[in-house]
Amino acid sequence: MPTTAIKPDIDALAALDDKLRFLSAWIIHHANNVRPSSDGLKVGGHQASCASMTAIMAALYFHALGPNDRVAVKPHAGPVLHAIHYLLGSQTLEQLQNFRGFGGMQSYPSRTKDKIPVDFSTGSVGLGIAITAFASLVQDYLTAHGKLAEEDRGRFVALIGDAELDEGNIYECLIEAYKHDIRGLWWIVDYNRQSLDATSADRMFERFDEIFASCGWRTVELRYGKRLAAALAKHRAVRDWLDNLPNADSAALLYQGGAAWRARITADLGKQGAAFLKSLDDAELGALMSNLGGHCMETLTEAFDAAMDDVPTLFVAWTVKGFGLPFAGHKDNHSGLMNPTQAHAMRDAMGIAEGDEWSPLAGIGGNARAGVEALIDATRIRRDKRPRDFGRIAIPAIPAPSGDEQATQAAFGRILLDLSRAGGDLADRIVTTSPDVTVSTNLGAWVNQRGLFKRREMADVFAQAKIPSAQKWSATNQGQHIELGIAESNLFLLLAALGLSGDLFGERLVPIGTLYDPFIARGLDSLNYACYQDARFLLVATPSGITLGPEGGAHQSINPPLIALGQPGLRHYEPAFADELAAMIEEAFRLIDDPAGESTYLRLSTRSIAQLERTEDSWKSGALAGGYWLREPGPNAEAAIVAMGAIMPEALAAHDELAADIPGLGLLAVTSPNLLHRGWTAAQASRWSGNHQPSHIETLLARLAPGAGLVTLCDAAPASLSWIGGVLGNRVAPLGVERFGQTGTLADLYAAYRIDGAAITEAVAELLLPFRM
Ligand SMILES: Cc1ncc(C[n+]2csc(CCOP(=O)(O)OP(=O)(O)O)c2C)c(N)n1
Ligand SMILES: [Mg+2]
């Protein structure tokens, strides 16, 4: 992280600002107006959002950033980032010309898809901001654990659209960041006071200032550029007037230009404005009034240079949306595109010859050219896209905890405790985290062993006072559990940052997060965001379903298996037994470290059930592939029970009861609907590539008679399993939970929601009826 400033070359930086504004606009123009369109769809892009930020980004990338600094770029300024890499030689012309095309540079910066180094993907506004705080926490964790040298530490920068500040996840993160004493952050707001639809509410700057300041942040307002500030200093009345001009009025005037400013100042201030206006023609007046802090290179570099310590800093840089473009300030400019005439006029005004639009330094002449070349050479940011960092962790066999009766949730706690006691590289790389449900998700024993992480030591007051407690909550910088407040979005963002530690810091961690299954929905977009970036972690959601009995409907989850069915990058496992769970955890660790792997979601239960006596391990590969025959079907069986998770005892009991009457009745234990589904669709696709392999679910179901009936059973939305009937054309009686749960004993609830033995028997009977007639 740079701690001292370099003298800025203002002229060269200003030339780079112009160049980035042109190139980002031209990338979008080319995609929309030059590249042939085969489908007639508008390609789109955000020239105004880019133009608003080019000065800020020029000052950052060509002046302030150091080699270890990481940046989350406002989604709609993606083209500016690509233009920077183009100037640095780390992005190709082909990619720029294929903006928003198949295989081309992405609409919004993407870690996984773009060819340039992208530190954090962005797109869903707000999330890219908050992840920088958690990445900084991970950096502190690695430093404290001796895995990252002081000189390799970086600063975390978020480039923020002002409307993004409406996203609640930012404030959840701000609170957590304060608790963890997070440092080394620069959040830079492109304060153009325009969102997608409209101009933003007035007076918000003061509020942001107060909110951030109360969380320990330094706030820096960059309102006026040097020239405008100097002019206003001489004309107090104009300054007071401009200070209080509503955002919408200011935007409209910026759009209309000098003549409109003159008319308005004259109307509002009369004689008091005359002296200010006197020496300026309309063009000069228009330029002066748009000389805001976020477009003034001296203001920006001074502000960055003055914030080289590690105090988290919010810069509010006032800008004009669409600065320098024909639709600057227009309230409808968010998706505005210059027409070809306007784009050509911009090119000509930049001194760029026709046909020379892509040549990096075209139009930069005179004194600035040498300075620009020098800045491009001297830029300290990383130019290359490094291969992702995988493949370092030896994963020991994870034995199943012993015990005749066990719940998967308790078994999870035991497995982690055993791992902790055994020690070793894997155990040392595990970082656990939970949003205030550490104890109730069974992480307590692990935390007692491995301790809480805090950068500054925190004593356990209860322990010091010798008050008996099962939990030891003293915290040191060697602890391996990061406790979060109750904000599930933060959990997923921290998992995302921890799960990218190999990529961000060259040191892989093994993150495990626990939460209550229904509250996955609380942070779902953050979970999706973590998966989108291919962060790797293990998510343990526990407890689940109406099997939670007396806790009632507010805590009983119904649809997470459906969420998992549609979530790329996340593998859902739902074990019934502790030995299955152990195999899945081992697999999840392997997947974290495998370049072709993914994250894992375990849906666990507090219900203690009788464990199976297994004499061999052949079930294991099936369980890891999504399912296995717990009771083998007979030849040409006419029916099977297909069950998942904590209600396996009901399925087993029903099987015992029905087996005598229905010869060959099978019991299929499903451990991962989403793996089975993925395998099925992949097999379908492979049919057309000439390399067909039947999928796991097809192979399993092929054991039954054609058209055999299936009773599917899960403590979740029945659609989680009912689709299985479509694989080979089996008729299905889907049992599961479709209404909100309620309190009660398991017998009450299973009967009321028809997932008990009686429901299974009735469903099997109904399926077989047509065959019997
Ligand atoms: C979570 C989410 N909701 C909605 C959108 C659609 N959207 C994209 S940009 C935007 C407003 C952007 O305004 P601002 O952040 O001020 O950026 P500017 O373009 O003005 O710089 C919206 C609503 C989104 N990308 N993400
Ligand atoms: Mg805005």
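Numbers for residues simply follow the sequence, beginning at 1. Order of listing sets the numbers, starting from 1, for every ligand and every atom in it.
Of all N, O or S atoms in Asp162, the one lying closest to the Mg ion (ligand 2) is OD1.
Residue contact annotation: Ser195 has a non-hydrogen atom under 4.0 Å from ligand 1. Within the 4.0 Å heavy-atom shell around ligand 1 one does not find Met53.
Comment: Asp162 does not engage Arg193 in a salt bridge, judged by the lack of any side-chain N to carboxylate O separation of less than 4.0 angstrom. Note on Asp310 versus Arg155: no salt bridge recorded, every NZ/NE/NH1/NH2 to OD/OE distance being 4.0 Å or above. Of the charged side-chain nitrogens involved, none lies within less than 4.0 Å of a carboxylate oxygen, so that Lys331 and Asp197 do not count as a salt-bridged pair. A salt bridge is defined here as a Lys NZ or Arg NE, NH1 or NH2 lying under 4.0 Å from an Asp or Glu carboxylate O, and Lys74 with Asp190 meets this definition. Asp17 and Lys19 are not joined by a salt bridge, as no carboxylate oxygen comes within less than 4.0 angstrom of a charged side-chain nitrogen. Between Glu298 and Lys226, none of the side-chain N atoms (NZ, or NE/NH1/NH2) sits under 4.0 Å from a carboxylate O, so this pair counts as no salt bridge.
Shortest contact from atom 21 (O) of ligand 1 to any protein heavy atom: Lys74 NZ, 2.7 Å. When hydrogens are left out, the protein atom nearest atom 17 (O) of ligand 1 is Gly161 CA, 3.8 Å; that is the closest non-hydrogen contact. Protein heavy atom at the shortest distance from atom 19 (O) of ligand 1 is Ser49 OG, 2.6 Å. Residue, atom and distance of the protein heavy atom nearest to atom 13 (O) of ligand 1 are Ala163 CB, 3.3 Å.
With hydrogens and angles disregarded, no donor-acceptor distance shorter than 3.5 Å links the side chain of Glu488 to the backbone of Phe519. Of the possible polar contacts, none joining the Glu167 side chain to the Glu164 backbone as a donor-acceptor pair under 3.5 Å is found. Between the Glu221 side chain and the Val316 main chain, no donor and acceptor come within less than 3.5 Å of each other.
Here His46 has no heavy atoms under 4.0 Å from ligand 1, in either its backbone or its side chain. Heavy atoms of His76 found under 4.0 angstrom from ligand 1 belong exclusively to the side chain. Contacts of Val125 with ligand 1, taken as heavy-atom pairs under 4.0 Å, involve both backbone and side chain.
In this structure, of Thr122, Asn192, Leu196, the residue bringing a heavy atom nearest to atom 23 (C) of ligand 1 is Leu196.
Two rings, from Trp186 and Phe315, have their centers less than 6.0 Å apart.
Ligand 1 places these atoms under 4.0 Å from at least one heavy atom of Asp190: 21 (O). Heavy-atom contacts of Glu164 reach the following atoms of ligand 1: 15 (O) (cutoff under 4.0 Å). Using a 4.0 Å cut-off to heavy atoms of His334, the atoms of ligand 1 that qualify are 9 (S), 12 (C), 19 (O). Every atom of ligand 1 is numbered from 1 in the order shown, and the set under 4.0 Å from a heavy atom of Gly123 is 24 (C), 25 (N), 26 (N).
Donor-acceptor pairing under 3.5 Å is recorded for the side chains of Lys321 and His334. Defined by atom type and a distance below 3.5 Å, a donor-acceptor pair is present between the side-chain atoms of Tyr224 and Asp243. Counting only N and O atoms by type, the side chains of Ser434 and Thr514 include a donor and acceptor under 3.5 Å apart.
In this structure, atom 5 (C) of ligand 1 has no protein heavy-atom contact shorter than 4.0 Å. Distances from atom 8 (C) of ligand 1 to the protein include at least one heavy-atom value under 4.0 Å.
Within the 2.8 Å limit, Ser195 places no N, O or S atom next to the Mg ion (ligand 2). Not one N/O/S atom of Ser49, from backbone or side chain, sits under 2.8 Å from the Mg ion (ligand 2).
For the pair Asp162 and ligand 1, the shortest N or O to N or O distance falls below 3.5 Å. Remark: ligand 1 and Lys321 share an N or O pair separated by less than 3.5 Å (distance only, no angle test). Below 3.5 Å of separation, one finds no N or O of Ser124 facing any N or O of ligand 1.
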